[in-house]
Undergrad: 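Input: one structure, supplied below.
Lettering of chains follows the sequences in order, A, B, ..., and the numbering in each one begins at 1.
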Amino acid sequence: MNVLRRPSGLSKFRFYSTQTTRPFVPPASLNHFDFRQRQREKPRPTSPAFYTARPEFYDQLSSLESALQHAKTALTSCHLLPLPQFAREALPPRVNAWVDKRELGLKLRSTLTTSRYRRVVLVLNELETYRAIAEKAGIAELQEGIRGITELFERADAATMLARGKAKPVKFDEYGRSYTLGKRKTSSARVWIVPVQQPPADKSTASQSIPAATETDTALTALLDPISSSKSNEPVSVSQILVNNTPLSTYFPIPADRARVIHPIKLAGLLGAYNIFAIVRGGGTSGQSGAVAHGIAKGLAAHEPAIATILRKAKLLRRDPRMVERKKPGLAKARKRYAWVKR
Amino acid sequence: MLTLSVRCQRVSCQLLASSSTSPLVQTRSYATQPKKGQIVKQASQGFKGKKNTSSGQMEHAKKDKKMMAFQPLPVSQLPHPLFESDRPDTLALQSFHPEMLTRVAESQALKFPHNENDPFRIFGLPRNILVEFRLLSKPCSVIRSVTIDAINKLDAASDKNSKESRVVLTGPQGCGKSYLLLQALQYCNARDWLVLYIPRATNLVNSTTAHTYDMRTRTYSQPIFAYQTLQRFLKVNALRLEQLRTQTEIEIERRPPVPPGTPLVELINIGLKDQGHAPTVLGAVLEEIGKQTIFPVLLAVDDFQALYCKSHYRDQHFSAIKSYHLSMPRLLLEYASGQKSFARGAVFGALSMGNTTFPLPLELREALSLEHDRPCGPYVKRQPELVEYAHGLERLAVPGSLSVPEAASVFEVWMKDRAVPSKPNDELFLTKYSEASGNARAFVWKGLLSSMSA
């Protein structure tokens with residue numbers, strides 16, 4: 001009981017500073033007074049962060065930290081923490097895409113300074129790490145629980161942010177066509193590649209009467225009589241290449257340009273396997289031919305992943321970064337200097 | 001300029017002889033013929049004067065170099081073992097025989113016969129084909145499906161009037177129109193037709209041959225060209241012409257008329273004796289062979305579109321002379337349009353799409369219903385005379401790309417002749433075929449012969 005609290009009846013008394021001591025009231029005589037209505041004028045604060053500058057923020061932060069703590073204890077109980085160095089390295093490196101400061105402020109219902117934002121992000125990163133460990137270990141419940149918390153703070157376009165800089169997989173449409181883009185200098189080409197459809201072989205009566213030859217038979221005949229056996233009646237499929245709806249030879253009269261377009265197909269050994277249709281805009285002849293070649297290389301790599309290595313080694317999958325260099329002041333052209341005059 | 005003087009050099013007869021008989025000869029200085037042995041030099045002397053004595057020899061050497069372009073050296077001048085002159089000929093081709101030409105022989109390479117009176121040797125060849133035949137060890141060509149079509153057309157035309165068989169070979173540049181015309185020509189020659197072949201019709205209209213105004217016909221006659229044509233026609237068809245005689249009286253200026261029943265060879269010799277008579281005689285000879293029905297006649301013209309363009313000749317007002325006002329093009333146009341015809345035979349023409357001095361004119365494009373590449377609405381002027389001359393021409397479209405077996409035969413020919421600098425394998429074939437999109441000239445010249453690959 002607080003000595004300072006006086007019963008209401010005694011409030012009429014004034015205490016002057018002259019009186020240094022208060023009248024003594026024995027505690028026993030105050031027992032029959034009911035002091036319950038004189039509870040706290042202010043209610044007890046709900047959260048321990050009430051007296052901080054940003055109570056909501058600290059509430060959220062503390063809940064996150066408690067979640068982190070729970071996760072930590074759970075993992076420790078599963079003997080997954082502390083994780084040895086080699087295991088940590090084995091985890092897939094995760095680049096996190098959390099919401100930015102303003103968004104996070106809206107979510108936490110208080111404007112954030114950078115240091116406060118960083119503090120939250122630190123906790124989220126830790127949570128994410130524990131989630132990764134749980135996912136790797138196969139503890140689905142814990143992983144889902146942590147995911148439920150972290151996904152609230154992830155950006156809406158997190159997937160695209162994380163896929164930035166990585167090559168998007170080439171999609172095929174219902175006819176099996178790939179659609180790729182190729183660029184060179186200021187030209188850009190849109191290339192569609194579709195496999196050549198072999199017509200069904202007509203079965204003649206002669207071939208039906210002859211029994212099917214075995215592999216060894218054909219090999220033997222090829223060895224003994226190469227000239228006549230090489231002239232088989234199988235139709236040879238040929239790639240048709242159309243650039244801006246004109247055949248390749250009409251659109252590119254210079255042999256070097258044509259060879260540049262054919263080069264990726266030739267290296268891959270796929271001459272006659274695919275038909276190509278390209279729409280190319282911008283630049284001049286060699287730029288356009290380079291753009292078409294780039295698009296063809298990317299398309300072929302999509303159709304046949306095995307040859308992607310060959311094309312990469314030949315630097316055909318790389319967008320040639322060379323562009324026209326700008327003219328500089330004091331120079332006649334990009335590099336050409338004016339004639340030096342002695343005087 | 002030099003080629004002009006060279007071309008004039010080839011003609012043995014001189015124009016001066018005709019000028020004595022026909023007083024109204026107007027010849028331009030560029031078309032006069034130099035005396036035999038003398039070469040007209042058009043270039044300037046340069047700083048070093050007084051080179052008159054040696055210049056003649058220098059010019060002579062230059063002329064030889066031009067004539068000998070792509071001509072292979074004789075074997076005796078190639079003793080070095082690197083040339084392998086004693087190597088057996090691997091290009092074993094069957095001869096071009098008319099009976100062989102069926103669908104079975106499609107995409108097979110056949111060599112052209114080499115005779116004394118071979119039409120190629122006598123009439124000449126278009127420039128591209130001449131160069132190719134000089135590079136190859138022997139002149140040959142590949143039989144295509146369109147060849148069989150053309151030959152079927154010729155077989156059908158052999159019994160009909162030529163008015164009903166006036167065919168023009170069309171197709172993109174380098175697809176094989178001139179070659180197809182050559183094959184048709186060889187087929188007809190082997191089948192005992194009377195053949196007349198003009199390999200470069202541009203030479204009729206590019207003012208390289210003399211033209212004189214003829215008061216009687218009121219057109220410009222080209223006596224030298226007519227003379228040369230008569231000469232060549234006689235040489236190629238000598239055996240057949242010996243059997244033919246004139247059926248009507250033929251009037252020729254400044255001499256008594258030729259009575260009917262004269263052998264045609266005699267009529268031709270009248271034109272050969274005097275160049276001034278050559279245009280009239282040529283017209284008369286064609287008329288006579290048009291009347292007879294013993295031998296069908298083939299009139300084959302390459303660079304056909306040049307006949308429908310304005311010529312490069314200028315009249316006294318410096319306006320371009322129309323092609324149908326020149327005797328030789330007019331004669332060909334009359335047979336091509338059906339105004340004159342052969343009782344049995346056909347007229348075949350091959351366009352040359354790559355010629356920019358004589359591009360395909362609108363009237364011919366419309367007559368053959370080809371695609372237009374420039375505005376062609378009702379406000380674009382069309383010459384009614386040319387529309388009439390182009391009326392009724394039939395189109396035979398040569399496919400723009402070779403089929404794979406045909407291309408394989410072409411590849412084999414060049415490979416076996418060891419003219420391909422790269423390693424001749426399947427990959428090279430498919431690469432060059434794809435690069436050329438099947439176009440024959442691009443495949444051979446820009447593909448096989450122009451590139452080297454390991």
Undergrad: Which value, rounded to the nearest 0.5 Å, describes the distance between B:L448 atom CG and B:L428 atom CG?
TA: 6.0 Å

Undergrad: Can you tell me which portion of B:S450 sits under 4.5 Å from chain A's heavy atoms? Options are side chain, backbone, both or neither.
TA: neither

Undergrad: If you count heavy atoms of other groups shown closer than 6.0 angstrom to NZ of A:K183, is the number above 12?
TA: no

Undergrad: Does B:E371 have more than 12 heavy atoms from other residues, nucleotides or ligands lying within 6.0 Å of its CD?
TA: no

Undergrad: Has the side chain of A:H303 got a donor or acceptor atom that lies under 3.5 Å from a matching backbone atom of A:P195?
TA: no

Undergrad: Please state whether the rings of B:F429 and B:F443 are parallel, tilted or perpendicular, taking 30° and 60° as the class boundaries.
TA: perpendicular

Undergrad: For the CG atom of B:L136 and the CG atom of B:D417, what is their distance to the nearest 0.5 Å?
TA: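 Spacing of CG (B:L136) from CG (B:D417) equals 5.5 Å.
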
Undergrad: To the nearest 0.5 Å, what is the distance between CG (B:L449) and CD (B:E132)?
TA: 8.0 Å

Undergrad: Do B:Q305 side-chain atoms and B:F358 backbone N/O form a donor-acceptor pair below 3.5 Å?
TA: yes

Undergrad: Once you round to the nearest 0.5 Å, how far does CG of B:L396 lie from CZ of B:F348?
TA: 6.5 Å

Undergrad: Please report the interatomic distance CZ(B:R374) to CG(B:L360), rounded to the nearest 0.5 Å.
TA: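 Here the interatomic distance stands at 9.0 Å.
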
Undergrad: Give a yes or no on this: more than 12 heavy atoms of other residues, nucleotides or ligands lie within 6.0 Å of atom CD of B:Q94.
TA: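 Counting neighbours around CD of B:Q94, 12 or fewer heavy atoms of other residues, nucleotides or ligands fall under 6.0 Å, so no.
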
Undergrad: When only heavy atoms count and the cut-off is under 4.5 Å, which of residues 336-343 of chain A reach chain B?
TA: none

Undergrad: Measure A:T246 against the heavy atoms of chain B and call it side chain, backbone, both or neither at under 4.5 Å.
TA: neither

Undergrad: Tell me, out of B:E435, B:K446, B:Q173, who's got the most heavy-atom pairs with chain A below 4.5 Å.
TA: B:E435

Undergrad: Quick check on A:A256 against chain B: is it the side chain, the backbone, both or neither that has a heavy atom closer than 4.5 Å?
TA: neither

Undergrad: Is there any residue in residues 260-272 of chain A with a non-hydrogen atom under 4.5 Å from a non-hydrogen atom of chain B, and which ones are they?
TA: A:I262, A:K266, A:L271

